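Small disclaimer: the values here were computed from a predicted structure and weren't measured. Chain naming here is simple, since letters A, B, ... match the order of the sequence lines and numbering starts at 1 in each.
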Amino acid sequence: MDALDLARWQFAITTVYHFLFVPITIGLSVVVAGFHTQYLRKRNPEMLRLSKFFGKLFTINFALGLVTGIVQEFQFGMNWSAYSKFVGDIFGAPLAFEALLAFFMESTFLGLWIFGWGRLPEKIHVACIWMVHIGTVLSAYFILAANSFMQHPVGYKYNAATGRAEMTNFVAVLTNKVQLVTFPHVLLASYMCGGAMVMGVGVWLLHKKKATIDRDMYRKAARVGAVVTIVAGLGVAISGDTQGKVMTEVQPMKMAAAEALYTTRDSCAEFSLFTVGSLNGQKEKFAVTVPCLLSFLATGSFNGEVKGVDQLKKELPAQIDAAAQQRGEPLKYVQPADAVFTPNIPLAYWSFRLMIGIGMFAALIGVAVLWLTRKGRFATPRWLVWACIAAPLLPVFGNSFGWIFTETGRQPWLVYGVLTTSSGVSPTVSAATVLTSMVVFTVLYAVLAVVEVKLFLDYTKRGAEPFHEVEQRSDDDTLAFSY
Amino acid sequence: MTLETFWFIVIGVLWTGYLVLEGFDFGVGMLLAVIGRGEDAAETNTRRRLMLTTIGPFWDGNEVWLLTAGGATFAAFPAWYATMFSGFYLALLLVLVSLILRNMGLEYRYKRDSEAWRRGWDLIIMVCSFLPPLLVGVALTNLVHGVPINAAGNFTGNLFTLLNPMSLLGGLTLVAVSLTHGAFYLALKTDGPVREKAASFGDVSGPVAAVLAVVLLVWVNIHTGDAASWIASAIGAIALVVAILANRVRRDGIAFLGTFLAIAGTVATYFLAVFPNVMPSTTDAAYSLTVHNAASSHLTLQIMTGAALVFTPIMLIYTAWTYWVFRKRLTMHVIAPQTDPLAPIDVPAHPAGADEATV
């Protein structure tokens with residue numbers, strides 16, 4: 001493998017790993033904040049216990065999300081320096097905004113929340129965990145704005161003198177139409193992760209702690225988690241549907257790849273649930289399909305035209321060239337005529353289905369939990385316990401597949417239609433160097449995953465701490481929290 | 001002043017912020033090995049818990065200064081960011097690994113009551129508090145020293161190019177200053193034996209840091225300095241001497257402020273000495289990256305300036321508030337006895353007949 005392949009692998013590994021923790025951070029912070037607020041309003045001890053309990057799980061997870069995020073920021077300069085130079089003018093700004101507006105808020109207020117029990121006035125203390133949540137949301141907004149620029153570059157012009165893309169309209173970058181559909185989709189998917197985590201942990205503890213008085217509390221947690229999962233899940237479906245239409249408009253090749261559709265269908269294109277075959281357009285052996293659904297997903301009409309890979313392959317190069325010329329760009333960023341304009345189609349096809357499928361499955365588990373715990377019931381049949389052990393992982397992996405689809409579906413472009421991935425890699429970093437860091441991070445991440453999962457499970461098993469009223473302490477009392 | 005110069009200053013301020021803030025928590029981390037030692041395992045643990053609690057609410061926010069310095073460089077000087085991060089690749093890799101492990105150590109150390117678990121994370125915290133200041137010191141000094149950069153603006157050296165004597169001295173100095181800064185911080189934030197030990201450690205490490213810093217600053221100024229950078233160095237050096245003297249008479253606040261200013265003076269020296277370059281090329285001065293040829297477009301700089309002017313004060317206010325909330329000195333007594341966070345909880349049995357509807 002050359003430096004380019006290795007840099008791509010490293011980006012994939014570090015990003016997917018980072019994004020296992022991010023949606024849980026966003027989703028759990030809002031549930032923890034919700035429980036804590038509820039305690040303040042109703043003085044129900046259970047709410048405080050749940051807030052502290054899930055707060056602990058949150059901090060275990062937050063730590064890993066944060067540190068793997070530093071790698072993300074530095075990686076652009078380390079492995080993708082040509083890209084960083086080319087688009088730094090546009091791409092750097094949301095990143096700097098993210099640090100200044102979001103990261104400081106998250107870290108500082110999380111510190112205040114963890115160490116502030118009994119030290120801060122109650123209302124300010126609960127506001128701190130909300131600030132943490134707002135920080136995570138802002139962070140998501142800015143980083144997605146940066147990513148949306150890569151999917152659909154807007155608000156810039158090419159400067160021939162400096163040889164790079166320069167910003168012309170920052171508002172356009174922040175309100176990119178891809179961004180406007182991606183942000184709600186990702187945010188809701190993150191809420192789904194938080195909800196499914198709370199639901200899964202709740203059901204599991206309900207099952208484990210058969211003989212304790214805490215069952216009411218865990219039942220409540222499971223139901224709250226289920227509601228969040230279902231509601232967010234519906235939102236994910238709706239926003240995802242809108243996103244599909246925008247994607248078809250700005251990146252038609254991605255939609256064609258998502259369905260492995262080679263031949264253009266002028267109306268009523270069917271959507272395949274799964275396919276047994278090579279997905280290369282020739283040897284489809286068996287597929288289960290829903291008629292006209294693809295047309296609807298792509299265009300909003302059951303009779304809409306969906307362009308296939310073959311036709312797009314012919315059309316896209318000329319379109320991209322024409323667009324580049326209009327912007328006054330030299331064609332050095334566009335590959336020659338024999339270039340491959342298609343992403344890895346089986347990968348796009350399967351990641352698209354897995355994203356949708358396992359996300360829907362998580363929402364269905366939520367429905368089952370609500371049904372089985374209705375009207376004061378506590379039923380946790382064995383299959384549901386198993387499903388709820390899987391529940392936290394489903395939306396998390398759904399997110400991963402979503403990102404794999406989004407990012408690989410954009411290939412061979414780093415910035416769609418403007419900069420190819422191969423032109424963005426660091427020119428003077430050797431393959432050996434990239435390999436070294438890839439191995440180091442992969443091993444380190446694997447070890448940390450083991451440690452974090454073990455801790456997470458141990459803390460989950462232990463369950464919520466007994467209720468202690470939060471007393472305001474004087475400065476000379478024993479600290480409510482110390483290392 | 002042009003926007004480019006303004007952003008050069010902003011990045012200097014961000015590095016200052018990073019090194020003065022994370023500087024003391026690196027110092028505390030390293031000092032676990034020295035000050036965090038009691039008569040027995042239990043006392044060692046309490047001391048370390050006390051030391052870590054002094055930085056507990058802050059270290060995470062301190063680290064964000066690094067992320068912001070990186071992000072601001074990316075946005076304001078993309079070419080600088082690209083060349084520096086791809087050029088200093090392996091050094092940065094080590095910094096990242098250290099920061100990851102250190103953060104995990106700080107977060108996970110107390111999450112399990114086991115001597116072996118704690119000992120492992122303590123070792124990681126100590127080593128990974130030592131490596132970043134060493135490597136960051138080496139990297140920043142290289143920015144002043146100059147590195148091989150070709151006509152295309154790419155770094156052409158390797159890891160060993162970065163290990164020149166001046167930069168190694170820069171790394172060692174930052175370690176020594178961070179140790180002293182951390183010791184003064186501990187003296188300021190604690191009472192009792194930890195405070196005693198921290199202050200007397202500062203009595204020894206302070207002069208060592210001062211000698212290293214003076215040699216480094218003189219060398220940097222002779223290398224590329226001007227009047228302004230000499231003045232900044234002088235301020236930094238005087239601040240360090242005042243800090244050492246203040247620590248001798250146990251005026252903790254002044255001592256800490258002194259190392260704070262000493263670090264600020266050093267960063268200012270670096271930035272003034274190298275200006276208008278941001279990464280001088282040793283291959284050919286014409287290939288050097290400067291605030292002009294490495295900067296973003298005027299529009300980006302304007303937007304960033306607006307954001308910085310609005311949001312930096314807000315950020316500074318709540319950061320300052322955190323330091324205010326947790327301003328009190330800590331003693332061993334306020335640290336609760338070690339308990340097992342994973343001990344099983346005694347919960348009364350469920351009263352019979354209150355539920356049950358099973359499938």
Side-chain angles (χ1 to χ4, degrees), chain A residues 59 63 66-67 70-71 73-74 76-78 81 84-85 88-89 92-93 95-101 103-104 107-108 110-112 115 119-120 166-168 170 211-215 377-379 381 426-429 433 437 440 444 448 451 455 458 462-463 465-466 475-476 478-479 482-483, chain B residues 49 52-53 56-58 60-61 64 67-68 70-72 74-75 78-79 81-83 85-86 89-90 92-93 96-97 99-100 103-104 107-111 154-156 296-297 299-300 303-304 307 311 315 318-319 322 325-326 328 334-336 342 345 347-350 355-359:
Chain A
T59 56
L66 182 116
V67 289
I70 308 179
V71 177
E73 182 187 306
F74 281 28
F76 290 113
M78 290 164 81
S81 69
S84 300
K85 268 188 215 177
D89 200 75
L95 247 59
F97 271 62
E98 190 190 14
L100 183 62
L101 268 73
F103 292 157
F104 274 116
S107 315
T108 309
L110 184 61
L112 281 160
F115 288 84
R119 257 175 185 257
L120 291 170
E166 288 181 358
M167 183 133 69
T168 55
F170 189 50
T212 74
I213 51 163
D214 284 341
R215 300 196 71 205
R377 281 168 220 240
F378 285 88
S426 298
T428 51
V429 173
T433 306
S437 76
V440 168
L444 179 65
L448 291 179
V451 177
L455 261 188
D458 287 349
R462 183 179 181 270
E465 271 177 45
D475 284 338
D476 300 319
T478 312
L479 296 170
S482 52
Y483 274 96
Chain B
R49 290 176 62 210
L52 293 174
T53 303
F58 312 121
D60 210 350
V64 179
L67 279 168
T68 313
F74 197 169
Y81 170 81
T83 305
F85 281 56
S86 62
Y89 198 108
L90 291 172
L92 282 171
L93 172 68
L96 287 173
V97 170
L99 291 179
I100 290 175
N103 286 14
M104 303 319 291
E107 284 286 352
Y108 287 178
R109 177 191 194 277
Y110 63 91
K111 287 202 152 74
N154 289 314
F155 176 83
T156 54
S296 279
S297 68
L299 178 68
T300 297
I303 292 164
M304 299 274 299
F311 294 107
M315 182 275 285
Y318 64 65
T319 303
T322 314
V325 169
F326 302 108
K328 188 78 181 165
V334 301
I335 305 291
L342 286 169
I345 308 170
V347 189
H350 193 295
D355 59 273
E356 187 76 7
T358 38
V359 168

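- Among A/L112, A/V440, A/T433, A/V451, the residue with the largest count of heavy-atom pairs under 4.5 Å with chain B is A/L112.
- Put simply, of A/G77, A/G111, A/G88, the one with the most heavy-atom pairs under 4.5 Å next to chain B is A/G77.
- Of all heavy-atom pairs between A/V67 and B/M104, the closest is CG2-SD, 3.9 Å.
- Ring geometry for A/F74 against B/F85 counts as perpendicular: the plane angle is over 60°, on a 0 to 90° scale with 30° as the lower cut.
- With rounding to the nearest 0.5 angstrom, the CD1 atom of B/I100 is 7.0 Å from the CD1 atom of A/I70.
- Counting heavy-atom pairs under 4.5 Å between each of B/L96, B/L90, B/L52 and chain A puts B/L96 at the top.
- Heavy atoms closer than 4.5 Å to chain A are found in both the backbone and the side chain of B/F326.
- Closest non-hydrogen pair, B/S86 versus A/V429, comes out as O-CG2, 3.7 Å.
- No side-chain donor-acceptor contact under 3.5 Å links A/T428 to the backbone of B/T156.
- Proximity to chain B is limited to the side chain of A/F97, based on heavy atoms less than 4.5 angstrom apart.
- Within the model, atoms OG of A/S81 and CG of B/N154 stand 5.5 Å from one another, a figure rounded to the nearest 0.5 Å.
- The line from CE of A/M78 to CG of B/L93 is 5.5 Å long, rounded to the nearest 0.5 Å.
- In this structure, A/F103 CZ and B/T68 OG1 are separated by 8.5 Å, a value rounded to the nearest 0.5 Å.
- Options A/P427, A/A93, A/A96 differ in how many heavy-atom pairs under 4.5 Å they form with chain B, and the most are formed by A/A96.
- When heavy atoms are compared at a cutoff of 4.5 Å, B/K111 approaches chain A by way of both its backbone and its side chain.
- Side-chain contact between A/F115 and B/V325 is absent, with no heavy atoms from C-beta onward closer than 4.5 Å.
- Highest contact tally toward chain B, considering only A/L448, A/L95, A/T108, A/T59, is held by A/T108 [criterion: heavy-atom pairs under 4.5 Å].
- In this structure, the side chains of B/Y81 and A/K85 stay at 4.5 Å or more apart for every pair of heavy atoms.
- Here the shortest heavy-atom pairing between A/M167 and B/T300 reads CE-OG1, 3.5 Å.
- Using a 4.5 Å cut-off between heavy atoms, A/S426 contacts chain B through its side chain alone, with no backbone atom that close.
- Remark: the backbone N or O of B/S297 is paired with a side-chain donor or acceptor of A/D89 at under 3.5 angstrom.
- The minimum heavy-atom distance between B/P78 and A/S84, with the atom names listed, is CB-O, 3.6 Å.
- The candidate from B/L67, B/T322, B/T83 with the greatest count of non-hydrogen atom pairs under 4.5 Å with chain A is B/L67.
- Ranking A/L66, A/L101, A/L120 against chain B, the residue ahead of the rest is A/L101, based on heavy-atom pairs under 4.5 Å.
- Heavy-atom minimum distance, A/L100 versus B/Y318: O-OH, 4.5 Å.
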